Amino acid sequence: MIRKSIIVALLCAISITTFADFRTVSRAYEAVLDGVRLPVSVNGTLSIKQCADCTAKSLQVSAATQYSINNEAVDLTEFRRQLLQVRERGTQAVIVKHDLKSDVVTSISVSL
């Protein structure tokens, strides 16, 4: 009986320290293309609205921000050009990854 109590106590102690190590370092947002305003320049601002009733969130992009279409890397100009041609803007998903420590968007991707 004492053995079981010791094992349970050790497992509880291990699980508590494991939970303490978790820290959110980045966040991903998903929105439809209608709810996204793309940056005009490589060091600009991205505006994202995750739902029709949600308030828009402004996020900083940098020259290091990666843009991809169908898992293929493109530059911002090409990214904007291709997304301007999308007709079903209300159903086209856009994924934005945001680094919380640097407060900069690390990537924006779509699958057309």
Side-chain angles (χ1 to χ4, degrees):
M1 183 69 171
I2 293 175
R3 258 188 178 165
K4 287 182 183 179
S5 297
I6 292 173
I7 291 173
V8 169
L10 285 173
L11 290 175
C12 286
I14 290 170
S15 67
I16 289 171
T17 58
T18 302
F19 286 121
D21 291 338
F22 286 111
R23 187 178 46 178
T24 303
V25 294
S26 65
R27 176 164 284 141
Y29 300 97
E30 181 177 8
V32 293
L33 192 52
D34 268 351
V36 176
R37 258 181 231 255
L38 295 172
V40 178
S41 66
V42 293
N43 290 312
T45 303
L46 167 82
S47 177
I48 185 168
K49 193 173 179 181
Q50 291 185 276
C51 69
D53 297 331
C54 299
T55 57
K57 192 178 288 268
S58 292
L59 302 171
Q60 188 70 36
V61 297
S62 72
T65 301
Q66 299 173 347
Y67 303 90
S68 66
I69 297 174
N70 299 329
N71 293 322
E72 183 180 321
V74 295
D75 64 9
L76 175 58
T77 304
E78 179 64 14
F79 191 78
R80 288 179 54 85
R81 187 187 70 73
Q82 287 196 35
L83 291 186
L84 285 173
Q85 296 175 10
V86 174
R87 292 180 189 244
E88 299 295 325
R89 302 178 71 76
T91 59
Q92 179 60 58
V94 178
I95 307 296
V96 176
K97 294 181 184 171
H98 178 227
D99 182 77
L100 298 175
K101 184 175 181 183
S102 65
D103 197 26
V104 173
V105 172
T106 56
S107 69
I108 307 171
S109 60
V110 296
S111 293
L112 301 176

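Small disclaimer: the values here were computed from a predicted structure and weren't measured. Position 1 is the first residue of the sequence, and the numbers go up from there.
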State which residues pass side chain to side chain contact (heavy atoms under 4.5 Å, CB included) with [X]; sequence neighbours excluded, sorted by chain then number.
X: Arg37; result: Ser47
X: Ser102; result: Asp99, Val104
X: Ser26; result: none
X: Leu112; result: Ile69, Asn70, Gln82, Leu83, Val86, Gln92, Val110

Notebook entry, point to check: Quick check: are there more than 12 heavy atoms from other residues, nucleotides or ligands sitting under 6.0 Å from NZ of Lys49?
Noted result: yes
Check: CD of Glu72: more than 12 outside heavy atoms within 6.0 angstrom?
Finding: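 Not more than 12 within 6.0 Å, no.
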Flag, side chain of [X] to backbone of [Y], donor-acceptor distance under 3.5 Å:
X: Gln66; Y: Ile108; answer: no
X: Arg80; Y: Asp75; answer: no
X: Gln50; Y: Tyr29; answer: no

Notebook entry, point to check: Looking only at heavy atoms, which two atoms of Arg89 and Val32 are closest? And how far apart?
Noted result: O-CB, 3.8 Å
Note to self: Can you give me the closest heavy-atom contact between Gln60 and Asn43, atom names plus distance?
What the structure shows: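 In terms of heavy atoms, the two residues are closest at NE2-O, 3.1 Å.
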Next item on the list: For Phe79, enumerate each residue passing the ring pair (Phe, Tyr, Trp, His ring centres under 6.0 Å) test, keeping only those at least two apart in sequence or located in another chain.
Entry: Tyr67
Note to self: Test: disulfide bond (SG atoms under 2.5 Å apart). Region: residues 56-90. Which pairs qualify, not counting sequence neighbours?
What the structure shows: none
